[in-house]
Amino acid sequence: MRQTRLTGESTAYADAREELRQAEIELMRHRERVAGLRRELPPGPVVDDYVFEEGPADLHAGDAPARNVRLSELFSGPGRDLIVYHFMFGKQQKQACPMCTMWIDGFNGIAHHLTQNADFAVVAAAELPVLRAYARDRRWTDLRLLSAGANTFKYDLGSEDADGNQDSTVSVFTRDDTGSLRHFYSVHPRMADDIDQRGIDLLTPVWHLLDLTPGGRGEWFPALRYQGDADGRRAR
């Protein structure tokens with residue numbers, strides 16, 4: 001099957017491209033099998049109704065009044081699942097993680113699509129005013145931003161160690177017919193001794209676009225500019 005109508009492709013190129021296409025098809029089918037295994041997980045353990053701190057819905061309305069919001073209150077209706085991104089920011093992580101920042105930039109752009117089907121929140125250990133100031137700098141106006149610095153949520157879910165070091169993690173929660181909150185799934189960057197960073201790289205299209213190029217992703221890491229940098233330019 002030809003992917004283009006271009007002329008001049010060598011036989012070697014056409015053969016190699018067909019081999020690649022078959023590998024891409026198998027990868028797609030394997031991804032579907034993995035997603036099916038994930039969907040078929042049995043009910044996970046009941047979790048505490050953790051209490052977070054949240055500011056006004058309007059990010060530019062300041063940081064007060066702050067209110068306590070429970071995990072159960074992040075579900076906007078029956079039959080909906082809750083996705084939580086654990087932001088590496090706070091406690092021992094004094095500076096916001098650039099990789100997390102890139103991901104959350106993307107989440108903010110697609111939040112209105114995502115929340116048609118599931119609820120979504122970003123949780124950090126940073127104090128609420130610090131988190132919201134950073135979010136204003138990044139223009140994260142379409143996300144629920146929660147501080148978990150006063151509870152054990154991040155530690156219990158494996159995105160924080162006993163010393164307060166942070167990690168990026170994604171967790172999914174469900175609410176069963178009795179109203180009990182259950183942990184459905186969590187995934188971390190480090191999935192094995194030889195997988196240090198790629199456990200959650202499906203969260204960003206950037207690496208996958210780079211993987212389409214001859215240079216690949218290599219050791220690419222986001223270089224982010226922030227408001228207040230020496231050059232005075234707007235955060236990007």
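What you see below is based on every heavy atom in this structure, not just the backbone, and it leaves out hydrogens, waters and symmetry mates.
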State whether the side chain of [X] and the backbone N or O of [Y] hold a donor-acceptor pair below 3.5 Å, judged by distance alone.
{"X": "Thr213", "Y": "Gly216", "value": "yes"}
{"X": "Asp161", "Y": "Asp163", "value": "yes"}
{"X": "Arg80", "Y": "Thr115", "value": "yes"}
{"X": "Ser159", "Y": "Lys154", "value": "yes"}

Minimum heavy-atom distance [X]-[Y], with the two atoms named:
{"X": "Thr169", "Y": "Gly158", "value": "OG1-O, 4.3 Å"}
{"X": "Leu71", "Y": "Asp49", "value": "N-OD1, 3.2 Å"}
{"X": "Arg217", "Y": "Asp211", "value": "NH2-OD2, 2.6 Å"}
{"X": "Ser72", "Y": "Arg175", "value": "O-NH1, 3.4 Å"}
{"X": "His208", "Y": "Asp201", "value": "NE2-O, 3.0 Å"}
{"X": "Pro56", "Y": "Ala61", "value": "CB-CB, 4.3 Å"}

Would the number of heavy atoms belonging to other residues, nucleotides or ligands and lying under 6.0 Å from [atom1] of [X] be above 12?
{"X": "Glu24", "atom1": "CD", "value": "yes"}
{"X": "His60", "atom1": "NE2", "value": "yes"}
{"X": "Glu26", "atom1": "CD", "value": "yes"}

Is a salt bridge present between [X] and [Y], judged by a nitrogen-to-oxygen distance below 4.0 Å?
{"X": "Arg136", "Y": "Asp63", "result": "yes"}
{"X": "Glu54", "Y": "Arg144", "result": "yes"}
{"X": "Asp105", "Y": "Arg139", "result": "no"}
{"X": "Arg70", "Y": "Glu73", "result": "no"}

Just so I know, are the side chains of [X] and [Y] near enough to count as touching, which here means a heavy-atom distance under 4.5 Å?
{"X": "Phe153", "Y": "Val51", "answer": "no"}
{"X": "Phe75", "Y": "Asp81", "answer": "no"}
{"X": "Val170", "Y": "Ser186", "answer": "no"}
{"X": "Thr4", "Y": "Glu9", "answer": "yes"}
{"X": "Phe87", "Y": "Leu131", "answer": "yes"}
{"X": "Leu59", "Y": "Arg132", "answer": "yes"}
{"X": "Val122", "Y": "Leu143", "answer": "yes"}

Roughly how far, to the nearest 0.5 Å, is the [atom2] atom of [Y] from the [atom1] atom of [X]?
{"X": "Asn108", "Y": "Asp142", "atom1": "CG", "atom2": "CG", "result": "5.0 Å"}
{"X": "Leu128", "Y": "Arg67", "atom1": "CG", "atom2": "CZ", "result": "11.0 Å"}
{"X": "Leu202", "Y": "Arg31", "atom1": "CG", "atom2": "CZ", "result": "7.5 Å"}
{"X": "Asp156", "Y": "Tyr50", "atom1": "CG", "atom2": "OH", "result": "3.5 Å"}
{"X": "His86", "Y": "Ser171", "atom1": "NE2", "atom2": "OG", "result": "3.0 Å"}
{"X": "Phe120", "Y": "His113", "atom1": "CZ", "atom2": "NE2", "result": "14.0 Å"}

**OP:** Verify whether one side chain among Asp119 and Ser76 offers a donor that lies under 3.5 Å from an acceptor in the other.
**Re:** yes
Identify whether [X] and [Y] are in the same connected component of the hydrophobic contact network (ILVMFWY, side-chain heavy atoms under 4.5 Å).
{"X": "Met191", "Y": "Val172", "result": "yes"}
{"X": "Phe52", "Y": "Leu181", "result": "yes"}
{"X": "Tyr85", "Y": "Leu145", "result": "yes"}
{"X": "Leu82", "Y": "Leu146", "result": "yes"}
{"X": "Ile83", "Y": "Met102", "result": "yes"}

Subject >> Within residues 179-204 or reaching into it, pairs that qualify as ring-ring contact (aromatic ring centres under 6.0 Å, His included) - sequence neighbours excluded >> reply: Phe173-His183
Subject >> salt bridge (Lys or Arg N to Asp or Glu O under 4.0 Å): pairs with one or both residues in residues 177-187, sequence neighbours excluded >> reply: Asp176-Arg182
**OP:** Please assess Lys91 against Glu160 for the test salt bridge (charged side-chain N to carboxylate O under 4.0 Å, His left out), listing each intermediate value before the final yes or no.
**Re:** CA-CA 9 Å; Lys91 295 191 180 180; Glu160 180 180 290; 3.0 Å; yes
Original post:
Given the side-chain rings of Trp140 and Phe107, with only the six-membered ring counted for Trp, is the space between their centroids under 6.0 Å?
Top reply: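 No, ring centres 6.0 Å or more apart.
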